[in-house]
Amino acid sequence: MAKQEFHIEDYMSDINPDYTDRILALHQLLTEQGCVMTLKKAASGHVVSYAKNKKVIANFVSRKKGPMVRVYGDNVNKYLCFIETLPEAMLKAIDKAPACKRLLDPATCNSRCSMGYDFTVKDTHHKKCKYSCFMFELNDTNFPYIKDFLEREAKERVA
């Protein structure tokens with residue numbers, strides 16, 4: 001059986017057209033940075049993933065309130081000055097994200113689960129789950145910060 005090929009348009013068919021320009025801009029940025037896109041069906045709609053060097057750097061996730069972007073900020077400690085400039089709503093999203101169980105007590109989480117992020121922003125120490133720490137609404141306010149975040153992370157991802 002031949003492998004089915006997906007395109008960003010397959011994801012956007014499920015999304016409010018108000019988000020089209022932002023999604024296409026991020027798609028272009030990530031593909032220009034050498035990321036490979038995959039699309040999978042999930043309970044809440046399609047999930048688009050972008051991987052660089054076989055490690056996922058970002059997902060587009062469908063939610064009732066609109067698409068969200070999950071950034072896998074593996075190199076967050078290299079650009080903490082940038083993280084401190086995020087709008088208050090994005091910083092609150094980070095604060096609200098659950099703690100990483102493996103960082104707090106490795107015995108309480110699946111041993112195959114990837115370790116979360118341990119970083120300090122504005123004098124607040126975070127030990128956050130990598131799957132929810134940097135998950136942001138793709139709105140007009142957040143968009144330039146998400147774009148900058150992805151550019152920084154993509155540049156840090158080397159073979």
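Owing to the predicted nature of the structure, the values given are computational and were not obtained by experimental measurement. Counting from 1, the numbers follow the sequence of the chain as shown.
Checked against Y72 for a side chain to side chain contact (heavy atoms under 4.5 Å, CB included), the options R157, E153, K52 give a single hit: R157. Of the residues listed (N139, L29, L138), the one engaging I146 in a side chain to side chain contact (heavy atoms under 4.5 Å, CB included) is L138, and it is the only one.
Shown here for I94 and I83, the closest heavy-atom pair between the two residues is CD1-CG2, 4.4 Å. For the pair P98 and S132, the tightest heavy-atom approach, listed with the atom from each and the gap, is CD-OG, 3.0 Å. Of all non-hydrogen atoms in H126 and D95, the two that sit nearest each other are CE1-OD1, 2.8 Å. Taking every heavy atom of both residues into account, K101 and C109 meet most closely at CB-CB, 3.7 Å. Considering all non-hydrogen atoms of both residues, A58 and L150 come closest at CB-CD2, 3.6 Å. Across all non-hydrogen atoms, the minimal contact from F143 to A25 is CZ-CB, 3.8 Å.
Atom SG in C100 sits 9.5 Å away from atom NZ in K130 (nearest 0.5 Å). From Y19, atom OH reaches atom CG of D140 across 8.5 Å, with rounding to the nearest 0.5 Å. Note that CD1 of I57 is 8.5 Å distant from CG of D74, once rounded to the nearest 0.5 Å. For the atom pair NZ (K122) and CG (L86), the distance works out to 8.5 Å, reported to the nearest 0.5 Å.
Side-chain atoms of N53 never come within 3.5 Å of backbone atoms of K55 as a donor-acceptor pair (strictly under, hydrogens ignored).
Looking at I15 and S62, their side chains come closer than 4.5 Å, going by heavy atoms from C-beta outward. In this structure the side chain of L103 never reaches within 4.5 angstrom of the side chain of K128, judged on heavy atoms. The shortest side-chain heavy-atom distance between K147 and L26 falls under the 4.5 Å cut-off.
Side-chain contact check for N142 and E137: no donor-acceptor pair (N or O, by modelled atom type) lies under 3.5 Å. In this structure, a donor-acceptor pair under 3.5 Å is absent between the side chains of Y50 and N59.
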Working note: Y79 + E156, criterion side-chain hydrogen bond (donor to acceptor under 3.5 Å, both in side chains); need CA distance, chi angles, decisive distance, verdict.
CA-CA 10 Å; Y79 45 80; E156 292 294 338; over 6 Å; no
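Classification of the F149-F136 ring pair by plane angle, with boundaries at 30° and 60°, yields tilted.
Between Y117 and Y131, the ring centre distance reaches or exceeds 6.0 Å.
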